[in-house]
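Chain letters run A, B, ... following the sequence lines, proteins first, then strands; residues in each count from 1.
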Amino acid sequence: MRHFETTQSDSKRGAIGQSKHHDSAIKQVCGSANYIDDNPEPAGCLHAYPVTAPFTSGIIKGVDTSKAQAIAGVKRIFSAKDVPGKIDIGPIFAGDLLLASDEIEFHHQPVLLVVADSYETARRAARLVEFDFQEQEATTDIETAIADKNWVRPPHALTRGDAQAAIAQAQHEINGEMHIGGQEHFYLEGQVAMAQPNGDGGIFVQCSTQHPTEVQHLIAKVLAQPFHFVTVEMRRMGGAFGGKETQAAPWACLAALASYHLNCAVKLRLARADDFRLTGKRHPFFNRYKVGFDEQGVIAGADIEVNGYCGYSPDLSDAIVDRAMFHADNAYYYPAAKISGHRCKVNTVSHTAFRGFGGPQGMMVAEQIVDDIAAALGKDPLTVRKANLYQQGRSTTPYHQEVEQHVLIDMIEQVEQQADYWQRKADIKAFNQTSPIIKKGLALTPVKFGISFTVQHLNQAGALVNVYSDGSIHLNHGGTEMGQGLNTKVAQVVAHAFGVELDKVGITATRTDKVPNTSPTAASSGTDLNGMAALNAANTIKARLTEFIAKHFSVEQASIRFCDNTVYHDKGELSFDELAGLAYLNRISLSSTGYYATPKIHYDREQAKGRPFFYYAHGVALAEVEVDTLTGENTVTRADILHDVGHSLNPALDIGQIEGAFVQGMGWLTTEDLVWNKQGQLASFNPATYKIPAIGDTPAEFNVSLYQSANPEASVFRSKAVGEPPFMLAISVWSAIRDAVSSVANYQCKPRLDTPATPERVLAAVQAAQAFSQADTSHSQAEPSQLNQSQHSQSLKAKKKDEEVTYE
Amino acid sequence: MIRFLVNDTPITLEECAPSLTVLDWLRTKVGKTGTKEGCATGDCGACTVLVGQYVNNASGERVWQYQAINSCLLLVGNAHGKHIVTVEALTEQLSPLVEATLDQLHPVQRAIVECHGSQCGFCTPGVVMSLMALYLNHENYPGKQTVIHALGGNLCRCTGYRPILDAAEKMYQYPRVERLWHSQMEQTEQHLNNSDSTPFLCTSLPDDSLADKQLPENQQRFFYLPQTAAELIALKNQYPEAQLVAGATDYAIELSQQLVQPQILISVSQATELSQLNITEDALEIGAALPYRQFVDTFCQEYPEAKELFERLGSEQVRSAGTLGGSLGNASPIGDPAPLLIALNATMELESSQGSRKIAVEDFFTGYRATVLAPDEVITKVIVPKRPAAMKLACHKVSKRLEDDISTVCLVLAVTLDAEHTQINLARCAMGGMAAVPARASHIEQALIGQPYVADSFTQAGAVVAQDFSPMSDVRASSDYRLTVSQNLLTRIGIEFCQAIAVTQIAANEAVLDSAPQSTSETLSAPAKLTTRISHASL
């Protein structure tokens, strides 16, 4: 495996490529990195808390607030009637009500807002509001929503060739289905916003949001004011992961509404259990597939249906289900494909963006398909995976974008060899033969993830760079810092452009009055977009300085170089600081905005054709697990990852993203179990019942390397986006668990394993494998080596023309 | 009035809400916002602080001992006499405006920065404090297993933990820094000693801006902190309706989540007699208010099989505050100590002004969250018999997550064999998570008694589990899963007791590879390599 060489980041390369620590790291370890709830409250600051509906679906007939009003300290209780402007804060499509008036569509839907002089009083009073209501039947399962064609947005499909015909003509055909669980973001800092009058006829809002511009716009609409009435500031978030893209807005709007009416500062912070109940999660999905393939496992055609549980409203579900469809091929070529997507309406909170944005749920189908084909043919899954990879001549996606970079072939080979896939596979089979209780599993899965917002206009960014006359630099851009190190990377870009040390660049809070009309920091795009915009701003200033130096010292522009905090030219050198002072005295503008719009991308959704992605990011993971066949408990004992970040801007931060994403993905697929009860209430509404990975869940052996290869597209210093793509490397864990379970039946069958693969679901799969074994003892006695070569197995059903899957 | 220390500042509180936690007090009353609220239920560790206690060490010297505690579960009243250390205290130079340099950071902090162990940074102060407790209590790197146990209660959603594990090792590579607040200690002790003569504490609470708005005027709430058992019993006699708390690791959640407002809280945590550990000829007598951390080692010398159960009970922060008296008194159907104590035939001592009585732990629970405890009674100690000859013990906990999770099923089986180890003479099997109370599995026991000591006897006994329990389906698992797993655990016990199978538990063969090479942040050119693992195995 090739590893990133930090030594190449010598002074000539400037700040780029160096493993600089996160810009807030020192403040964070000292406890002096402030998050919104840490800021001192302005005098007279009040606290707001939502009152939520105590039922899942139905009509509110009456509300009694008298007990809440009676509590000392309660200032006011607001309802939808108090909203001067728009009550619907749906980010793209209508449907998300700031406060419900009469109809309730999910349990704990906000109805009123209590404002009191303390956080606890507001919370306490909110619980004393009494409802008179009439319940209606709620839809909570997706099969019902599909059967009733109950969508939040219309269905959509990608088609290339005739999938049905290709499947029909193929030698083999299998089908399958799977439920995929959702995921709670569990950002450590919960939702919080504080709004206050700005003293000049406007409102100033601090909000933990990935999308300050949208918060600004929505508050303005709620208050029926122009956008300039509202300024939103965001310095840092205590984690977001997509959960603060749209989900931060309601609380900011409510705080602003109260501040608008009461003319004072108002803070709203959700307690953790309410954060669980009131904010959207990763969409659970229900996927079905039918696929035709040949004797070698090469896919001829795929007919795939992905169904997202969207919750009660559209939110971002159109684009999320689209991205699931765009990734239902993962890294595999489908010569003919039909990929349809449904946005199912169910009576839960509206599900939303979460790292990968539907991509992971789509990729699960592809990985299930290749695993199932391998099981059906008795082949090793890696062989089938490699046979189906995109490659020269087999490179058109179901949405007609050409895959131009084929590094996965090389990347898989590297992991296969250096992590010793085949020997370990043999060792594991031998171990499993003699270990009756504990079974090991091994799986290698690739990731190919499309980079760009699929909503084209979001692929733009702005930045503001000020050079002060002492040579210190002030950087501001439209992206938001949620822990990923975006500010550090963008500062590295600017420092590199000016050839100065990183500490020359001061990083400041994202504000809507500094850089306007920004896109959310999402879709892994933060550095690609904002880094480029900041580079453009810096280059504008640098061009002015270059022109000035040429004139001032009568030197050739071409001879001027900015590096090592110094500016060199034909006739000498001066420090960057001196240059800044000199330029100021000579009346050269030292401030510039910068702008960037991603080139090349276009997509016609009507035709489902185009190039939605500027480029793809790639990764390969090899996971080894152990499964306890008595309890279903499982653990990852080793993970080897090779990931493609192009030319890394900051290897340490990139590795941090990869490791963090992988472990978060493991959590999604294993322990993180969202449970709604029969009444439609979220039953796993706190960290006592919803388990994200803890420190002992980190793979016992965890090898992460960066694949060294420049981005062929002209991205910022040829780097690649890294936020989301490594999340899906964790699919290797799910596949490895299935491999271990399959060993119970001597690899003769591979039972379905819905996710999260909790001990209970794994044990059920183990029992299915045991039942298969017992039903077919002749196979269970076969040697694994024979099975490996066998071209026939019990689970591969003879082809029947009349065997059609009906999806609708 | 209570006195305690926060960092180097002596604090005297005349009054505060009895339900106020140290977390809320730090954040809202004194502006120490370095300590974060992630969940307020003791599950995430973001609010971890150090709590120092002035105790006699093994050689009889008075020393300060520090433990990591969730400040969201630490009631301010319970902080009396303690030294609370927050993240703000660790760095020598701390201008509010100018960031510290790397050299000014404490090794714990510096290691996190240099290993890239913080991303969003919200969990970081808690991680720093948990590592700090580790640093203070271990002069040298104690190995990954210990690190994992120390940090199992600190959730991080960003890093995947690998750099935090690296930091735990790297912090020992800098010159060792002793506590920075040492210089203040003399003054501190003096401050705290002022209150030594207080017979018990009454924190009276007139209207407090944080909590008590809706109380009628003049209605006060009280927090009593009796210093002796006699004071405690007298108080409970006087206020039988009062809520008892010890470490409050469960009750503080009722306060912060259900927003309950008890009028009178009596904390047993500082009643001397309840915090003692006595080893008699035939038993361990564990004070009801003694935190787990302070008796588990002794317990496990007698019953090493229980070690994993204790290591997986809550988190380090919870084990440093939680007590047996709290767990039993709370009467949760899934508190892990109860099945263990029942299987070991432990008894409890209950005391009131009428006198004391002993009751078997298995007879203590009368129904869901109900016990035989009379309103004026308190649990004073738990008496665990010493190990009988020829006893075999198995403790199993099944949960979704290994660390800091509540049991789906907890099963403890103690069998006593005949002299030849060929026959099972006695069996006590108790389970949690299977019924409204932790309870014995009498059918399983009967199925074992008199049977040959072979694996098959256990498998067959497992088959009758449905006669003992009809468990619920809930957020943790279905009824079927609970029954199947209980049955399978009996099979496992049979195999582990009677057969020589190399591996019976996941990751058991991944013995902690502490000697394996570790990368540090300076060698990123090599793969960021991590070799560490929980050992799921019993010891």
Proximity breakdown for A/Ala33 and chain B, heavy-atom pairs closer than 4.5 Å: backbone

Please state whether the side chain, the backbone, both or neither of B/Asp404 comes within less than 4.5 Å of a heavy atom of chain A. backbone

Side chain, backbone, both or neither: which part of A/Asp503 has a non-hydrogen atom closer than 4.5 Å to chain B? neither

Could you tell me which portion of A/Arg638 (side chain, backbone, both or neither) has an atom closer than 4.5 angstrom to a non-hydrogen atom of chain B? neither

Check whether any side-chain N or O of A/Thr698 sits under 3.5 Å from a backbone N or O of B/Gly160 as a donor-acceptor pair, and report yes or no. yes

Chain A contact via B/Ser256 - which portion, at a heavy-atom distance below 4.5 Å: backbone

Considering only heavy atoms, which portion of B/Leu102 lies under 4.5 Å from any heavy atom of chain A: side chain, backbone, both, or neither? both

Just how far is it from atom SG of B/Cys44 to atom CZ of A/Phe186, taken to the nearest 0.5 Å? 5.5 Å

Within the side chain of B/Tyr161, is there an N or O that forms a donor-acceptor pair under 3.5 Å with the backbone of A/Asp697? no

Without swapping roles, check the side chain of B/Arg27 against the backbone of A/Asp37 for a donor-acceptor pair under 3.5 Å. yes

Sort B/Val128 into side chain, backbone, both or neither according to what part of it lies under 4.5 angstrom from a heavy atom of chain A. side chain

Please round to the nearest 0.5 Å and tell me the distance separating atom CG of A/Asn677 and atom CG of B/Asp474. 11.5 Å

From the list A/Asp673, A/Thr758, A/Thr689, side chain to side chain donor-acceptor pair (under 3.5 Å) with B/Lys400 holds only for A/Asp673

B/Arg157 (side chain) donor-acceptor with A/Gly239 (main chain) under 3.5 angstrom: no

So, the part of A/Glu672 with a heavy atom under 4.5 Å from chain B: the answer is side chain

Please classify the contact of A/Pro756 with chain B as side chain, backbone, both or neither, using a heavy-atom distance under 4.5 Å. neither

Is it true that the side chains of A/Gln28 and B/Gln119 contain a donor and an acceptor less than 3.5 Å apart? no

Proximal component of A/Ile26, with respect to chain B [non-hydrogen, under 4.5 Å]: both

Under 4.5 Å to a heavy atom of chain A? For B/Thr41 that would be side chain

What part of B/Leu105 gets closer than 4.5 Å to chain A, counting heavy atoms only: side chain, backbone, both or neither? side chain

Between B/Arg401 and A/Pro693 (side chain of the first, backbone of the second, donor and acceptor by atom type, cut-off under 3.5 Å), is there such a pair? no

Are A/Cys30 and B/Gln109 close enough, and set up right, to give a side-chain contact (heavy atoms from CB on, under 4.5 Å), and what steps lead you there? CA-CA 7 Å; A/Cys30 291; B/Gln109 298 170 307; 4.0 Å; yes

Test your reading of the model: is there a side-chain donor-acceptor pair from A/Arg272 to the backbone of B/Gly38, 3.5 Å cut-off? yes

Tell me which of these, B/Ile406, B/Val485, B/Leu259, B/Val398, has more heavy-atom pairs under 4.5 Å with chain A than the rest. B/Leu259

Assess whether side chain to side chain donor-acceptor pair (under 3.5 Å) is satisfied between A/Glu760 and B/Ser478, documenting all intermediate values. CA-CA 8 Å; A/Glu760 179 163 4; B/Ser478 69; 2.4 Å; yes

